[in-house]
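Worksheet: one structure, shown below.
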Amino acid sequence: MYSDLLANLNPEQREAVTLPPVNQHGQAQSALILAGAGSGKTRVLTTRIAWLIQTGQVSPIGVLAVTFTNKAAKEMMLRLSAMLPINTRGMWIGTFHGLCNRLLRAHHKEAGLPSTFQILDTQDQLSAIKRLLKGLKVDDEKYPPKQLQYFIAHAKERGQRARELSVGDDFQAKMAQLYEAYDEQCQREGVVDFAELLLRSYELLKHNEAIRTHYQERFRHILIDEFQDTNALQYAWLKLLSGHDASRINVSSAGSSAVFAVGDDDQSIYAFRGADVENMRLYEQQYHPMMVKLEQNYRSHGHILDTANYLISNNTDRLGKNLRTDAGHGEPVRIFDAPSDHAEAAWLVDEIKALVNSGIKRTEIALLYRSNAQSRIIEHALFSAAIPYRVYGGLRFFERAEIKHALAYLRLLENPNDDTSFSRVVNFPTRGIGARSIEAVQDAARAQNSSLYLAASTLDGKAGASLGGFVRLVDHMREATRHNTLPETVEFVIQNSGLIQHYLSEREGQDRVENLQELINAATAFIAEEGYGQDATAATLPGENAPGIVEVSPLAAFLSHASLEAGDNQAQAGQDAVQLMTVHSAKGLEFTSVFITGLEEGLFPHENSVNEQNGLEEERRLMYVAITRAKERLYLSHTQSRMLHGQVRYNMPSRFLEELPSDSLKWLTPKVKDARWGGGNSYGNAGRSGSTWQDGYTRQRDSETNDFFDSGSDRQRPAKQLGRVGSASTTVTRMAAPPRGNYPFTIGQNVFHTKFGEGRVTGLEGNDADARAQVNFKRHGVKWLQLSIAKLAAIN
DNA sequence: CGATCGCGGATTTTT
DNA sequence: TCCGCGATCG
């Protein structure tokens, strides 16, 4: 029977999957699974659900499974339907935001939202904020929109409304006031931002006992993936739903649910967006979960795993875990010290060629970096060497301007009060509605406290005429598509809004036209996948039609989908191309060969992190994540000089290199520590004077190089910058480094300053009169000093 | 209304 | 360095 579900699990996985969800007193028993990298975490989570269902401990509708990304949710559903003959579509498996959206759609009245509420993504939110500040005549120099956006998002993620904030000073008071005004604006427009989805459903559950009880009784099993990435609000939401909220008396009218949390504190790398590993400890204290550690790693060879374990052991404050593997030591971890960023890139190219020649597929090779800026030079080198590559993290489908324009029209069909959408397309394509007219509507809307759309139809005069035309256009499109299918509606709108025509007449509009066509396909696919259409109930599980669950129109569902799932950000999948991405985006992925580049102080660990609370430990975890992506081969590289923000910087090798087990390492270049300028190799020396990239290169048109690039990406394409003819063996390396000796000091040297005392030089940059040294003072910390001014003396 | 110029900002990212 | 945004000009 169910034993075949467990057949392929190792003992610890099996233990996790079959933990009793009820204790001997008949109460719900929660669990915490510490799942190391590559330990089969998703498998355990999915099998747990299947096991619970198959053993009759819960029916599919009694399960709530939460993930952070749509990708993870999809994967879970896919695997689950492979394990059990059930339709997962009606199950509550999804992202926090997706599930909250579902909740709010079903109970929009109780949540105080119109049934047609729209979701603001980050871009939309920023433009809503800018519009708000303009309307209130607030100085956006003093109160930068971006900062306000951050302020609002973080307050919401802590579960705080504007009124609940304690404001320390005038600035904060004003920000709180703007936060409140922003919420009022959103409410009037019938829109919610991402954090609001969570906060609103949290408040809904908190204040509406009937609804809370209903869901508490329904979801007796709650499973959470990537628990280390939860923020305070998500944790509070979980406590409410699982009936563990201590602030509520009589919690247990519904009893509590069994929570099954899976996470890895060593892979917590999202503190900057509000994630709080502390939640794991809180959960331990508050839920008294049974704990299982998954430490058997199925991904990496021994040296790689040893390297990861050794590095992460430098972190204090861990729940404690040590990965092991059955797969022998394998290859040592190779370290390369390059004289310059160009040389590093040239070396990457050579190693990649060798790997490919040895039979490794390009898709199995990943080039990782700490920050996106580093990709440029690598892309350049790959391009020059004609090595196909793919960069992760560009614009996603639903974020493209033309798609957002089309969606804005569609949103206005659904919800005319959505001023963000109104503003976006009222004059796009241009239809003679200028700044004056816009101002007039905004004034009118403010005066009558109405939406721009409503105000537009009340205006008269010249502005009234043109705006009236726009309103009529939208009304017309709404009427005309009333009985259309979703794809028909989308097609009608992109045609009749004038978007297609506009882009057809634009010089480089062809891609955009294609994307708009693609939007129709996306709508068709959406209908098919979501099971809308001839038999909408097919997707519904027995018992799913609980009171309060309402059907939403396909258009509404599609618009939510577009906001909540921005689409793939890795174009051209399937191409055999080398994978380029940040370490963050590599989380959860694995590759045969991994290169971690730019392992320099200031870059990785990033200089900003040093001043952050626990910043270094988070950087170290980031490095841990990077290392554990590799299955068989791992390469680490760093460079002595690097162009950053238009200036050459000289960085010390990353401290993380000193935190690795030497037995597992192999230095491809002599290990250099303080003798920074010595290590010469064939990848370019200071003396090598190359021509600059601009010289002697031909530019190629995109159409000729499509093989290598994501044709759908807005990311700057190397082909547009520089192409080149010639073989890689003649790769030109431009040494941006000035001749050594330009500085009176060297990196690593001890110095004395009359005011700051003793310190050590950790960086040098700039030239001549502009030359600066970064010094780490024993008593005063890290400072940059202008060498022409600072009184620095060398000491031993 | 569109193009062009100049400024500021430049970890990491999902929803 | 270099990209994106906003203001300003023609």
Side-chain angles (χ1 to χ4, degrees), chain A residues 66-73 94-101 119-127 130 134 140-141 144-146 153 156-157 192-198 226 229-231 233-234 268-275 341 368-377 392-396 398-399 401 427-436 502 506-507 560-567 569 581-588 598 602-612 615 618-619 621-623 625-626 642-649 693 714-716 720-721 736:
Chain A
V66 199
T67 63
F68 274 87
T69 64
N70 292 296
K71 199 176 150 201
T95 62
F96 274 105
H97 294 84
L99 295 172
C100 287
N101 178 51
I119 300 165
L120 298 186
D121 68 15
T122 315
Q123 283 177 43
D124 299 332
Q125 187 189 24
L126 188 62
S127 42
K130 285 179 180 169
K134 273 230 171 77
D140 60 5
E141 301 261 291
K146 280 247 173 68
K156 288 187 179 181
E157 278 161 11
V192 298
D193 60 49
F194 285 136
E196 183 72 23
L197 280 172
L198 280 152
E226 306 279 15
D229 288 338
T230 51
N231 64 33
L233 179 56
Q234 286 157 344
S268 160
I269 56 172
Y270 285 113
F272 72 91
R273 67 178 198 210
D341 44 2
L368 309 184
Y369 33 80
R370 176 64 178 82
S371 62
N372 286 304
Q374 287 166 254
S375 80
R376 271 184 127 259
I377 190 156
Y392 279 59
L395 256 200
R396 299 148 110 218
F398 287 112
E399 290 168 355
N427 195 35
F428 193 94
T430 50
R431 46 175 74 86
I433 298 176
R436 248 190 312 278
H502 170 84
E506 214 179 40
R507 267 184 304 118
S560 293
H561 166 81
S563 303
L564 293 174
E565 187 165 0
N569 66 359
M581 68 194 82
T582 63
V583 178
H584 280 93
S585 10
K587 191 174 166 214
L603 253 187
F604 199 178
H606 196 274
E607 52 197 346
N608 296 357
S609 72
V610 180
N611 304 318
E612 284 163 14
E618 174 127 335
E619 293 288 303
R621 290 192 292 267
L622 200 48
M623 180 69 183
V625 167
R642 173 180 301 279
M643 184 69 92
L644 197 67
H645 304 324
Q647 277 204 319
V648 180
R649 303 227 339 207
W693 287 107
D714 266 6
R715 171 177 266 276
Q716 181 73 311
K720 275 187 185 157
Q721 304 156 10

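Here is how names work: the chains are called A, B, and so on, in the same order as the sequence lines, proteins then strands, and each is numbered from 1. Owing to the predicted nature of the structure, the values given are computational and were not obtained by experimental measurement.
Closest heavy-atom contact between A/Asn427 and A/Gly432: OD1-N, 3.5 Å.
B/dT14 and C/dC3: their C1' atoms are spaced 23 Å apart (whole Å). Between C/dC5 and B/dT12, the distance separating the two P atoms is 16 Å to the nearest Å. When the P atom is used for both C/dG4 and B/dT13, the distance is 16 Å, rounded to whole Å.
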Strictly under 3.5 Å: I want the nitrogen or oxygen pairs between protein and nucleotides 1-4 of chain B, one per line.
residue : atom : partner  : partner atom : Å
B/dC1   : OP1  : A/Gly432 : N            : 2.9
B/dG2   : OP1  : A/Thr430 : OG1          : 3.2

What N/O pairs connect the protein and nucleotides 5-7 of chain C at under 3.5 Å? Give each pair on its own line.
residue : atom : partner  : partner atom : Å
C/dG6   : OP1  : A/Lys130 : NZ           : 2.9

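If you take CG of A/Leu99 and P of B/dT14, they are 19 Å apart, rounded to a whole angstrom. The CG atom of A/Asp124 sits 15 Å away from the P atom of B/dT15 (whole-angstrom rounding). Computed from coordinates, the A/Arg621 CZ to B/dT13 C1' distance equals 16 Å when rounded to whole Å. As rounded to whole Å, 15 Å separates atom C1' of B/dG9 from atom CG of A/Asn372. Here the P atom of nucleotide B/dT14 and the CD atom of A/Gln234 are 15 Å apart, to the nearest Å. Atom-to-atom, OH of A/Tyr392 to C1' of B/dT13 comes out at 15 Å; the value is rounded to the nearest Å. In this entry the distance linking CE of A/Met643 with P of C/dC3 reads 14 Å, nearest Å. Taking atom OH of residue A/Tyr270 and atom P of nucleotide B/dT15, one finds them 10 Å apart after rounding to whole Å.
Using a 4.0 Å heavy-atom criterion, one finds that A/Phe96 contacts no nucleic acid atom at all. At a threshold of 4.0 angstrom between heavy atoms, the contacts of A/Glu619 include nucleobase atoms, whether or not backbone atoms are also involved. At a threshold of 4.0 angstrom between heavy atoms, the contacts of A/Glu612 include nucleobase atoms, whether or not backbone atoms are also involved.
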Any chance you could lay out the side chain to side chain contact (heavy atoms under 4.5 Å, CB included) test for A/Leu197 and A/Leu564, step after step, and finish with the verdict?
-> CA-CA 11 Å; A/Leu197 280 172; A/Leu564 293 174; 3.7 Å; yes

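Side-chain atoms of A/Phe272 lie closest to B/dT13 of the nucleotides B/dT13, B/dT15, B/dT11.
With sequence neighbours excluded, the residues forming a ring pair (Phe, Tyr, Trp, His ring centres under 6.0 Å) with A/Phe398 are A/His561, listed by chain and number. A/Pro144 meets the side chain to side chain contact (heavy atoms under 4.5 Å, CB included) test with A/Gln147; sequence neighbours excluded. Contacts of A/Phe68 classified as ring pair (Phe, Tyr, Trp, His ring centres under 6.0 Å), with partners at least two apart in sequence or in another chain: A/Phe96. Under the ring pair (Phe, Tyr, Trp, His ring centres under 6.0 Å) criterion, A/His606 pairs with no residue, sequence neighbours left out.
Residue A/Thr122 places no side-chain atom within donor-acceptor reach of the base of B/dT13, judged by atom type and a 3.5 Å distance cut-off alone.
At B/dT11, none of the side-chain N or O atoms of A/Ser609 fall inside 4.0 Å of OP1 or OP2 (strictly under the cut-off). For A/Asn70 and B/dT15, the shortest distance from a side-chain N or O to OP1 or OP2 is below 4.0 Å. A close approach under 4.0 Å does occur between a side-chain nitrogen or oxygen of A/Ser585 and OP1 or OP2 of B/dT13. Taking only side-chain nitrogens and oxygens, A/Arg396 comes nearer than 4.0 Å to OP1 or OP2 of B/dT15. The phosphate of C/dC3 has OP1 or OP2 within less than 4.0 Å of a side-chain N or O from A/Arg376.
Remark on DNA chain B: of its neighbouring residues A/Thr69 and A/Leu622, the 5'-side contact belongs to A/Leu622, judged by nearest-heavy-atom nucleotide.
Classification of the A/Tyr270-A/His584 ring pair by plane angle, with boundaries at 30° and 60°, yields tilted.
Using a 4.0 Å cut-off between a side-chain N of Lys or Arg and a carboxylate O of Asp or Glu, A/Asp229 and A/Lys587 qualify as a salt bridge. Contact check on A/Glu157 versus A/Arg273 returns no salt bridge, with no Lys/Arg side-chain nitrogen under 4.0 Å from an Asp/Glu carboxylate oxygen.
With no hydrogens or angles considered, a side-chain donor-acceptor pair links A/Gln374 and A/Ser371 at under 3.5 Å.
B/dT12 adopts an anti glycosidic conformation, its chi angle falling more than 90° from 0.
Atom CG of residue A/Leu368 and atom CE of residue A/Met623 lie 10.0 Å apart, to the nearest 0.5 angstrom.
Applying the 5.5 angstrom centroid cut-off and the 30 degree plane-angle cut-off, the aromatic ring of A/His606 is stacked upon the base of B/dT11.
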